[in-house]
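Quick note on labels: first sequence line is chain A, next is B, and so on, each numbered from 1. Since the model is a prediction, treat every value here as computed from it, not as a measurement.
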2 protein chains.
Amino acid sequence: MTSDNIQKEECDYLESYNAKDFDRPSTSVDNVIYTIINNALHVLIVKRSNHPFKDQWALVGGFVDLNTDNNLEMTAKRKLKEKTGVNTPYLEQFSTIGNKDRDPRGWSVTTVYFALLPSENITLNVGKGANDIKWAKIDNGKISETLAFDHSEILRECTQRLRSKALYTSLPLYLMPEKFTLHELQEVYHAVLSSKMDPKSFRRRMLTTDLLEETAEMRQTGRRPAMLYRVKNDQPFFFTRTIEGI
Amino acid sequence: MTSDNIQKEECDYLESYNAKDFDRPSTSVDNVIYTIINNALHVLIVKRSNHPFKDQWALVGGFVDLNTDNNLEMTAKRKLKEKTGVNTPYLEQFSTIGNKDRDPRGWSVTTVYFALLPSENITLNVGKGANDIKWAKIDNGKISETLAFDHSEILRECTQRLRSKALYTSLPLYLMPEKFTLHELQEVYHAVLSSKMDPKSFRRRMLTTDLLEETAEMRQTGRRPAMLYRVKNDQPFFFTRTIEGI
DNA sequence: AGAATAGTGTCTTTCAGACATTATCTT
DNA sequence: AAGATAATGTCTGAAAGACACTATTCT
């Protein structure tokens, strides 16, 4: 058969193809949206206003809308913008969970993204499908609320991933406001890692790369003023060695 | 409203819920199955016997079967077993691609897994939906065949991921036969990385961890015989520093 | 002996760990 | 001066890089 014939055949096939002929799992996206508040890691959760799991807390997510979303990442960004009013500076696909038991309505697939945001300039908005929204504090990798579906497990695994990445990447930089001191940055690493690091090792690591640049300003704290830095290069950086907590 | 009432309400909701009421993307799984043949990295591809992309090469994949597959990983393992006759010693979820353009039939989501297998004991089988199957040699991150859908790009990105993981993990061990020499293991690392490593550094790294154990045998090569090793601990190992190519 | 492959000795380099010390500010 | 926070000096240690060297086999 010639290649032209195959193309003709494929057109005929596509015309007669009916997307509803086969059973398909439902497809959603969930976001684990992290920020830092009062030196502690927090995650954004919403209270569901619809069944199933009505009135329970859940991650920020929703079904893919085949009409408005060109791809999965657009679904993630749409939900994130709807709830926070901002575009996230960092969004990474974490993992996809699909099985027949996670949703009482049947076979369901969710693609989980995680986002890192500075907490300034965010105005929380309950948006569609929710009647409450809040930042939940992460303590020892867990929050006090029980989440809908398998979201508690997703949150635990995602936070574990963020933690292990903080040992060899600059990802926590995406949680920082525009200007910050090295000490403040180290506190954010501590919040993510749940462990402390040697200040000399930490500063050496941050300053020998080309990640930061000094501003002309100092943070006036009432004690010795601290140099304010800003991010110079907004690509994530991967160190060749991991750093240890204390 | 009491919690009992919510539960009752949820039951009513689920009874009236019809899974076909909303448009859903099609959901598939694709496997990037790697092995080593003649000291070169290869990937398993099949020739499609159905539209779309009929008679073109593609990764080993297929739609999720909601009746037989309890979760996404089962779909991946089912297709892998169907084509190779074996269960893979290593399977990792790589990434999920979902958009409206990747499949001419419309919005489609695929979850990509990658597998690492020793090439022994494999009997290739065309299985369903294919009329040919073969190992394609990966040269500089690419194969000579053009793949269906977005599979060429998926393969490129997945191979890049495997490469970067080889710099700080023991993953290439899953490509080895039961017994192997350190030199053979290093050759496999070279095939994955497309670059050479210092033999002293490589051996030191492999032997100071608890990954391998000596067998009582030597490989007779016609020159100085080499010690044969086997894997002692089959968990993947993460080194705290990356190794450099030459 | 010479070639080929296996494997080692050892010095250098890099960067983190440890921890004492100095610097700059306020009260 | 005392106290608090910011920042550095400097020694040690772990593991990789570089590369010359030895070991074991076959012809």
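Comment: B:Glu153 does not engage B:Arg102 in a salt bridge, judged by the lack of any side-chain N to carboxylate O separation of less than 4.0 angstrom.
Distances shorter than 4.0 Å separate some side-chain N or O of B:Arg205 from OP1 or OP2 on D:dA16.
For the side chain to side chain contact (heavy atoms under 4.5 Å, CB included) test, no residue two or more places apart in sequence or in another chain qualifies with B:Arg224. With sequence neighbours excluded, no residue forms a side-chain hydrogen bond (donor to acceptor under 3.5 Å, both in side chains) with A:Gln160. A search for side chain to side chain contact (heavy atoms under 4.5 Å, CB included) contacts involving A:Tyr168 returns A:Lys165, A:Phe238, A:Thr242, not counting sequence neighbours.
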Could you pull out every donor-acceptor pair under 3.5 Å between side chains of residues 36-48 of chain A and any protein atom, sequence neighbours left out?
| residue | atom | partner | partner atom | Å |
| --- | --- | --- | --- | --- |
| A:His42 | ND1 | A:Ala40 | O | 2.9 |
| A:Arg48 | NE | A:Pro52 | O | 2.7 |
| A:Arg48 | NH2 | A:Pro52 | O | 3.0 |

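Screening residues 135-144 of chain B for side chain to side chain donor-acceptor pair (under 3.5 Å), with sequence neighbours left out, gives no hits.
For A:Glu244 and D:dG13, the CD to P distance is 15 Å, given to the nearest whole Å. Computed from coordinates, the B:Phe239 CZ to D:dA16 P distance equals 8 Å when rounded to whole Å. Distance CE (B:Met197) to P (D:dC19): 17 Å, rounded to an integer number of Å. Between the CZ atom of A:Phe237 and the C1' atom of C:dC15 there is a distance of 12 Å, rounded to whole Å. Rounding to whole angstrom units, CD of residue B:Gln220 and P of D:dT27 are separated by 13 Å. Regarding A:Glu184, its CD atom lies at a distance of 12 Å from the C1' atom of D:dT5, rounded to whole Å. For the pair B:Leu167 CG and D:dA16 C1', the computed distance is 13 Å after rounding to whole Å. Per the geometry, OH belonging to A:Tyr189 stands 12 Å off P belonging to C:dA16, to the nearest Å.
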Reading nucleotides 3-13 of chain C from 5' to 3' and marking B where a protein heavy atom lies under 4.0 Å of the base, S where only the sugar-phosphate is that close, and - otherwise, the string is -BBBSBBB---

